[in-house]
Peer 1: 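Below: one structure in structure tokens.
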Amino acid sequence: MAANPISWFFSMYELDFSRIVPAHIQAFEVYYPSKPDKELMRLYGVDHLHRLNNNENALGPPPEVTGVMSDFQPKTVPVYPNGDCFDLREILSKKFDKDPGQFLVGNGSCEVIASVIKAFCEKGDNIITADKTFAVYEWVAEFSGFEARLIPLKDNAFDPKAMLDAMDRRTKIMFVCNPNNPTGTYWDKDTMTGFLDAVDNRAVVVIDEAYREYVEEEDFPDGMALMDQYPNVVTFRTFSKMYALASLRIGYLCSTPEIVEMIRRTHVVYSVNTLAQRAAFAALSNDGSFIRETRKMVGQAKVLLCSLFDELDLTYVCNQGNYLMVKVPISDTLMYRKLMTRGIMVRTMTGFRFPNWIRISLVQQPVMEEFCKIFGRIIKELPSSRIQV
Ligand SMILES: *Cc1c(COP(=O)(O)O)cnc(C)c1O
């Protein structure tokens with residue numbers, strides 16, 4: 001006991017973080033999301049901001065959602081939502097020819113990532129994914145105390161052989177982002193089934209299809225169909241990207257009834273609010289014209305931006321999805337700041353382990369033209385000594 005009664009008094013109330021916080025949490029770095037648009041506009045002295053940083057669908061949501069939003073009554077607010085998205089799972093089961101029990105809906109698909117990891121991993125287990133992909137798989141594994149084995153991309157794509165080589169008895173989940181955020185590459189049907197054959201039910205394989213509605217390629221595999229043949233497949237989908245419901249936070253997983261029943265045990269119910277459930281339901285009733293229109297917008301934007309990057313002789317990666325990446329001849333944070341002072345927000349990619357690359361969401365033509373004008377001017381005004389060839 002401390003000799004000084006006053007210091008003893010205070011030490012009694014001192015929180016000993018080294019004792020109460022697990023080592024893997026102490027070592028984990030906090031991720032700070034960007035500031036609100038209003039605050040950013042004030043900081044950068046601009047009166048508008050084009051958000052090209054989060055792969056949002058600037059066209060959305062589908063028109064069917066508008067009525068649901070305006071009909072939402074204050075008297076609905078005090079009532080809890082349906083706890084497990086009954087109606088939405090019903091309509092999903094019809095759309096995909098599955099049982100309603102094969103769906104688990106979450107507060108964004110980010111929430112179902114956590115539920116899957118909790119359901120299958122215990123101390124000493126690991127998950128396998130890529131080093132340059134959506135970071136939430138890695139984050140949830142690590143702050144939950146599990147090892148995340150990050151396999152380097154090969155030619156900007158997930159490397160099936162290296163992932164299989166990294167597997168051991170303690171590997172519980174393999175996360176495959178198809179198509180990959182941020183590179184847009186995908187495994188075709190043969191690559192996917194070859195991988196699933198080799199995994200041979202030794203681990204759960206999550207296929208994250210957050211951007212699948214943007215893909216038009218014939219050889220793109222459908223995770224929903226694969227699970228009939230491979231009982232270890234879990235497919236993730238979201239309403240945040242194509243359906244443009246990002247602010248409502250709603251996404252889901254689909255798997256066999258047995259796997260979903262396991263994951264449900266770890267999933268906190270009532271996490272999906274009533275408005276999100278209704279909006280998602282309405283979004284699914286669109287006849288497909290909204291998806292076609294969005295794909296057209298994205299296609300036009302790709303042509304425009306890629307021709308600019310060719311003209312400027314910059315390296316870029318443009319594949320599937322409503323985004324592309326370009327390597328800039330200055331630091332990505334400096335490029336971010338230069339674009340922000342002109343009202344354009346992009347994603348810096350150093351955090352994704354692509355130092356000095358930026359990722360750009362693909363939106364309407366007028367905004368893309370403005371981006372091209374501003375970005376082209378910034379590149380051309382750089383002192384030539386800064387450009388590393
Ligand atoms: C945006 C995104 C998600 C979706 O996250 P939500 O939580 O549903 O908004 C999932 N996976 C990938 C790869 C994404 O880019």
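Every heavy atom of this structure was used, including side-chain atoms; hydrogens, water molecules and symmetry mates were not. As the structure lists them, so they are numbered: ligands from 1, and atoms in each ligand from 1.
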Peer 1: Below 3.5 angstrom, do we get any N/O pair linking N181 and ligand 1?
Peer 2: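 Such a contact does occur with ligand 1.
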Peer 1: Tell me which part of Y211 gets within contact of ligand 1: side chain, backbone, both or neither, using heavy atoms under 4.0 Å.
Peer 2: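 Under 4.0 Å from ligand 1, Y211 contributes side-chain atoms alone.
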Peer 1: Got a sec, which residues hit salt bridge (Lys or Arg N to Asp or Glu O under 4.0 Å) with R353, two or more places apart in sequence or on another chain?
Peer 2: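 So R353 forms a salt bridge (Lys or Arg N to Asp or Glu O under 4.0 Å) with E138.
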Peer 1: Cationic tip of K132 within the cone over F354's six-membered ring, i.e. under 6.0 Å and within 45° of the normal?
Peer 2: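 K132 over F354 ring: yes.
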Peer 1: K241 heavy atoms, cut-off 4.0 Å: which ligand 1 atoms fall inside?
Peer 2: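 So the answer, numbered in order with elements, is 1 (C), 2 (C), 3 (C), 4 (C), 14 (C), 15 (O).
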Peer 1: Classify the angle between the aromatic ring planes of F290 and Y243 as parallel (below 30°), tilted (30 to 60°) or perpendicular (above 60°).
Peer 2: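 Parallel, since the angle between the ring planes stays under 30°.
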Peer 1: Specify whether Y252 and F239 have parallel, tilted or perpendicular ring planes, treating 30° as the upper limit for parallel and 60° as the lower limit for perpendicular.
Peer 2: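 Taking F239 first and then Y252, their aromatic rings sit tilted (interplane angle of 30° to 60°).
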Peer 1: Can you give me every donor-acceptor pair (side chain of residues 72-83, partner residue at least two apart or in another chain, under 3.5 Å) with its distance?
Peer 2:
unit_1	atom_1	unit_2	atom_2	d
Q73	NE2	D71	O	3.4
T76	OG1	Q73	O	3.1
N82	OD1	D84	N	3.3
N82	OD1	C85	N	2.9
N82	OD1	F86	N	2.7

Peer 1: For E111, state whether at least one heavy atom is located under 4.0 Å from any atom of ligand 1.
Peer 2: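 For ligand 1, residue contact (heavy atoms, under 4.0 Å) with E111 is absent.
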Peer 1: Check the pair R237, D222 against salt bridge (charged side-chain N to carboxylate O under 4.0 Å, His left out), reporting the backbone distance first and the verdict last.
Peer 2: CA-CA 11 Å; R237 302 267 175 104; D222 181 357; 3.2 Å; yes
Peer 1: Report, in ascending order of atom number, the atoms of ligand 1 lying under 4.0 Å from any heavy atom of G108.
Peer 2: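 Under 4.0 Å from G108, ligand 1 has these atoms: 6 (P), 7 (O), 8 (O).
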Peer 1: Report yes if F134 has an N/O atom closer than 3.5 Å to an N/O atom of ligand 1; otherwise report no.
Peer 2: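 By distance alone, the answer is no.
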Peer 1: Within ligand 1, which atoms have a heavy atom of R249 less than 4.0 Å away?
Peer 2: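 Those of ligand 1 that fall under 4.0 Å from R249 are 6 (P), 7 (O), 9 (O).
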Peer 1: In terms of ring plane angle, is the pair F309 and Y316 parallel, tilted or perpendicular, where the classes change at 30° and 60°?
Peer 2: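 Judged by the thresholds at 30° and 60°, the geometry between F309 and Y316 is tilted.
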Peer 1: Compute the ring centroids of F158 and F195, then answer whether they are less than 6.0 Å apart.
Peer 2: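 They do not qualify: ring centres at least 6.0 Å apart.
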Peer 1: Looking only at protein heavy atoms, identify the closest one to atom 5 (O) of ligand 1 and say how far it is in Å.
Peer 2: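 Of the protein heavy atoms, S109 OG, 3.4 Å lies nearest.
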Peer 1: Polar-atom distance check: Y137 versus ligand 1, any N or O pair below 3.5 Å?
Peer 2: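 No; the residue has no nitrogen or oxygen that sits under 3.5 Å from a nitrogen or oxygen of the ligand.
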Peer 1: Can you list the ligand 1 atoms lying under 4.0 Å from a non-hydrogen atom of S240?
Peer 2: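 Answer, ordered by atom number: 6 (P), 8 (O), 9 (O).
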Peer 1: Identify, for atom 11 (N) of ligand 1, the protein heavy atom at the shortest distance, and state residue, atom and that distance.
Peer 2: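 The closest heavy atom on the protein side is D208 OD2, 2.7 Å.
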Peer 1: Taking only heavy atoms of C177, which atoms of ligand 1 are found under 4.0 Å from at least one of them?
Peer 2: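 Ligand 1 atoms under the 4.0 Å threshold to C177: 13 (C).
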